[in-house]
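Report on the structure given below.
This is a predicted model, so every value here is computed, not measured. Both backbone and side-chain heavy atoms feed into the values below; hydrogens, waters and symmetry mates do not. Chain letters run A, B, ... following the sequence lines, proteins first and then strands; every chain starts at 1.
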Protein chains: 2
Amino acid sequence: MKAKISDVAKIAGVSPTTVSRVLNNRGYISKETRENVYKAMKEINYFPNDIARSLFNKRTNLIGMIVPQTSNPFFGELAFHIESICASLNYKVLLCNSLNRIDKEKKYVEMLIRNQVDGVIAVTYNRGIFDSESQSLPVVAVDHYLSTDIPTVSSDNYSGGKQATELLISKDCKHIIHINGPLKLETPANLRRKAYENVMKKYGKQPITYEISNTFDRNIQRETISKVFEENPEVDGIFASDDLLAALVVAEAQKRGKNIPRDLKIVGYDGTEASQTLLPGLTTVQQPIESIAQTAIDILLKEIEGEFSNIPREICLPVKLLEGQTT
Amino acid sequence: MKAKISDVAKIAGVSPTTVSRVLNNRGYISKETRENVYKAMKEINYFPNDIARSLFNKRTNLIGMIVPQTSNPFFGELAFHIESICASLNYKVLLCNSLNRIDKEKKYVEMLIRNQVDGVIAVTYNRGIFDSESQSLPVVAVDHYLSTDIPTVSSDNYSGGKQATELLISKDCKHIIHINGPLKLETPANLRRKAYENVMKKYGKQPITYEISNTFDRNIQRETISKVFEENPEVDGIFASDDLLAALVVAEAQKRGKNIPRDLKIVGYDGTEASQTLLPGLTTVQQPIESIAQTAIDILLKEIEGEFSNIPREICLPVKLLEGQTT
DNA sequence: CTGAAAGCGCTTACAG
DNA sequence: CTGAAAGCGCTTACAG
């Protein structure tokens, strides 16, 4: 049987109330009593039951974190930073991999509510998963607009898209194509495409965007990329909306005997540690993943503390263009 | 205020006991009552408080998962599978990024105990983090021996190391070097080195293993790799103990003007989705990450259910050699 | 400086 | 088929 507070009390010769007091450092307690209690806790290897505490306190110090998939380096890195920062603040993280599926996300949200999480950090493409039932639940969205009253943290996608496109143009690319994920929703990431299109038009060029419908099926992605080359034999610049996509473009280009960067220039997006290690030559727009995590947590904690006054509705963090050998 | 069971009871005109019964599908309940209760729950948006349930049931359905760092694709992918499988079995996962630091691991273990997790899946290099206090805690280790009574799930590291080395030999490499992480501990991953050394000896070659002391500092890794080339100008084959390391070797070799695979052949280890996408040409030994996750969970659940009888002390899953363009 | 009592939201014998 | 009571392990007024 696990030791409980009354066991400690018995051994230390005090009441459970007193044990609780030394545990929480509340009220006056004689040095002697305190030491006796500590000794008793050591003796029977006592650890407080945080479940019981949470029930009373109506505070779990639990944060729900919904990401599409930690095996994707961007989300894996984001998850790492979020959890690490939370741990340093004494918050615990419940991990949820949603695969962007709305059914899973809804289930996860319900699970998080049942588990009384203090707040949720959500990286999800689906609006409407936080509804009526979760009105009072503190939520912060990363990289996606979820609803008018949920703050969003993202990096400066417009600037990133602009820098990527302008780089390709400055390198003399004539036929630049953009490949993006699902475009249906008003996500900040969509601004990457907007920026691409605007820059293209500004330079009198025709923007062409290909959409990858499924983010999780590499074969579908490969097919789309193959189509890009088939339908645009003159393509000499590609801006891919994430590094994995860019890597697939690199592979397909090599398969087709194209010399990079001579025949084709490629810019990716994300600049994760993993992609920079595995494909260090890739030119890419690096997101400030750690500050995204930090900012999201700062905002969420404010919401949790009830400081709704000075919470920005949207925070946009700067990106950094990393020039490699693919441009 | 959040709705609770007594609110539902009041509205449905029954006792809390009855509400609990319909919630848990226990005992006989008239159809009418059941429907009234459901209607009441809908009406006030009631969700059961799992914290309160857990307190009573002494069962949280929580699993602690300790990994070094989810930003590393191998652990990110493992974490994804573990969490996904757990979710499908109605278990929730508390994420812990330990960075392999024993102080962090100990803190995480204590946190998990306080939170009454039903069990822990640990990928850690440090023995002794599960001590006396956690005797009764179900634990399963992945890829590392933690103690004699903690089951270990790993892939067949010896076979992987053997296949990698034999491949290099069969490709006519004369001077093959192995680069590994910290070697101090008796981890299954150490078998990769053992296998390398045995195969080398078998073929009358001198095994040379370089050790990377810090897994998290890319610069230290780069320095060690640079040293490998400096000290062994004749090297024509390198077996790196993970894909990120292999990628660094590729980069360094290119920097030194070596043609891969003509002048130098490289084999990595892990074969994650991310590394196979970002560096598809890499020859590597692929670990069965999903089955590792599945197996670890199977074993952990058995421990949780108290079925200690038929739990193997060690499970070893088959690896797969993926030949790319680096050999 | 310390303890007895009540309660956090739930569930399960027990009784009817 | 249903309800009143006790209890999961803790904490906090309240009283001394």
Side-chain angles (χ1 to χ4, degrees), chain A residues 1-38 40-41 44-62 110-118 133 136, chain B residues 1-38 40-41 44-62 110-118 133 136:
Chain A
M1 271 293 78
K2 260 174 202 161
K4 50 194 181 188
I5 219 168
S6 59
D7 300 324
V8 177
K10 219 167 285 170
I11 293 180
V14 295
S15 72
T17 308
T18 301
V19 176
S20 172
R21 275 211 201 80
V22 345
L23 232 35
N24 296 287
N25 247 315
R26 224 180 285 292
Y28 299 93
I29 291 163
S30 75
K31 210 170 198 170
E32 207 197 324
T33 311
R34 183 185 301 273
E35 278 163 7
N36 282 338
V37 169
Y38 277 126
M41 298 198 306
I44 59 172
N45 237 306
Y46 171 76
F47 289 99
N49 182 330
D50 275 353
I51 294 288
R53 280 185 172 191
S54 299
L55 182 59
F56 186 91
N57 293 327
K58 294 164 176 301
R59 196 72 146 54
T60 54
N61 271 36
L62 264 179
E110 186 182 324
M111 179 277 273
L112 295 173
I113 291 175
R114 284 166 174 257
N115 282 276
Q116 316 298 116
V117 293
D118 292 339
E133 71 262 27
S136 58
Chain B
M1 271 299 73
K2 260 173 201 161
K4 49 195 184 188
I5 221 169
S6 59
D7 301 324
V8 177
K10 221 168 282 170
I11 293 180
V14 296
S15 73
T17 308
T18 301
V19 176
S20 172
R21 275 212 201 78
V22 347
L23 233 36
N24 295 289
N25 249 314
R26 223 181 286 291
Y28 299 94
I29 291 162
S30 75
K31 210 171 200 172
E32 207 196 326
T33 312
R34 183 185 300 275
E35 278 163 8
N36 281 340
V37 169
Y38 277 126
M41 297 197 306
I44 59 172
N45 237 306
Y46 171 76
F47 288 99
N49 181 330
D50 275 352
I51 294 288
R53 281 186 169 189
S54 298
L55 181 58
F56 186 91
N57 293 327
K58 294 163 177 302
R59 195 74 145 53
T60 53
N61 270 36
L62 264 178
E110 185 181 324
M111 179 277 274
L112 295 173
I113 291 175
R114 284 166 175 257
N115 282 275
Q116 316 298 118
V117 294
D118 292 339
E133 71 261 28
S136 58

Would you say that [X] contacts [Y] through its side chain, given a criterion of any heavy-atom pair below 4.5 Å between the two side chains?
{"X": "B/Asn49", "Y": "B/Lys4", "value": "no"}
{"X": "A/Ile5", "Y": "A/Leu23", "value": "yes"}
{"X": "A/Asn36", "Y": "A/Val14", "value": "no"}

Inset, instruction - Report which part of the nucleic acid B/Asn24 touches: base, sugar-phosphate, or nothing (heavy-atom distance under 4.0 Å, all strands). - result: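 Contact class for B/Asn24: sugar-phosphate only.
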Legend entry - Sugar-phosphate, base or nothing in reach of A/Ser54, heavy atoms under 4.0 Å: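 Answer is nothing: A/Ser54 stays at 4.0 Å or more from every strand.
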Inset, instruction - Assess whether one donor atom and one acceptor atom, taken from the side chain of A/Ser15 and the base of C/dA4, lie less than 3.5 Å apart. - result: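 Such a pair does not exist between side chain and base.
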Report the distance from atom [atom1] of [X] to atom [atom2] of [N], rounded to the nearest whole Å.
{"X": "B/Arg53", "N": "C/dC10", "atom1": "CZ", "atom2": "C1'", "result": "8 Å"}
{"X": "A/Gln116", "N": "D/dC10", "atom1": "CD", "atom2": "C1'", "result": "16 Å"}
{"X": "B/Ile113", "N": "D/dG9", "atom1": "CD1", "atom2": "P", "result": "16 Å"}
{"X": "A/Ile5", "N": "C/dG7", "atom1": "CD1", "atom2": "P", "result": "19 Å"}
{"X": "A/Leu23", "N": "D/dT12", "atom1": "CG", "atom2": "P", "result": "11 Å"}
{"X": "B/Lys2", "N": "C/dG9", "atom1": "NZ", "atom2": "P", "result": "10 Å"}
{"X": "A/Arg114", "N": "C/dC10", "atom1": "CZ", "atom2": "P", "result": "10 Å"}
{"X": "B/Phe56", "N": "D/dA5", "atom1": "CZ", "atom2": "C1'", "result": "12 Å"}

Is the shortest side-chain N/O distance from [X] to OP1 or OP2 of [N] below 4.0 Å?
{"X": "B/Ser6", "N": "C/dG9", "result": "no"}
{"X": "B/Thr17", "N": "D/dT2", "result": "no"}
{"X": "A/Lys58", "N": "C/dG9", "result": "yes"}
{"X": "A/Asn49", "N": "D/dC10", "result": "no"}
{"X": "B/Arg26", "N": "C/dT12", "result": "yes"}
{"X": "B/Asn57", "N": "D/dC8", "result": "no"}

Inset, instruction - Before giving the answer on salt bridge (Lys or Arg N to Asp or Glu O under 4.0 Å), spell out for B/Glu35 and B/Lys31 the whole-Å C-alpha distance, their side-chain angles and the decisive distance to 0.1 Å. - result: CA-CA 6 Å; B/Glu35 278 163 8; B/Lys31 210 171 200 172; 5.5 Å; no
Legend entry - Short side-chain donor-acceptor distance under 3.5 Å, B/Thr17 and B/Ser20: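 No, because no side-chain N or O of B/Ser20 sits under 3.5 Å from a partner of the opposite role on B/Thr17.
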Legend entry - Identified pairing partner of C/dA13, criterion: Watson-Crick or G-U wobble below 3.5 Å: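 WC or wobble partner does not exist here.
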Inset, instruction - Give none if C/dA4 has no partner; otherwise give the nucleotide forming a Watson-Crick or G-U wobble pair with it, both distances under 3.5 Å. - result: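 Paired with C/dA4, as far as the under-3.5 Å criterion goes, is no nucleotide at all.
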Inset, instruction - Among D/dC1, C/dA13, D/dT12, find the nucleotide with the atom closest to the side chain of B/Arg21. - result: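 Output: C/dA13.
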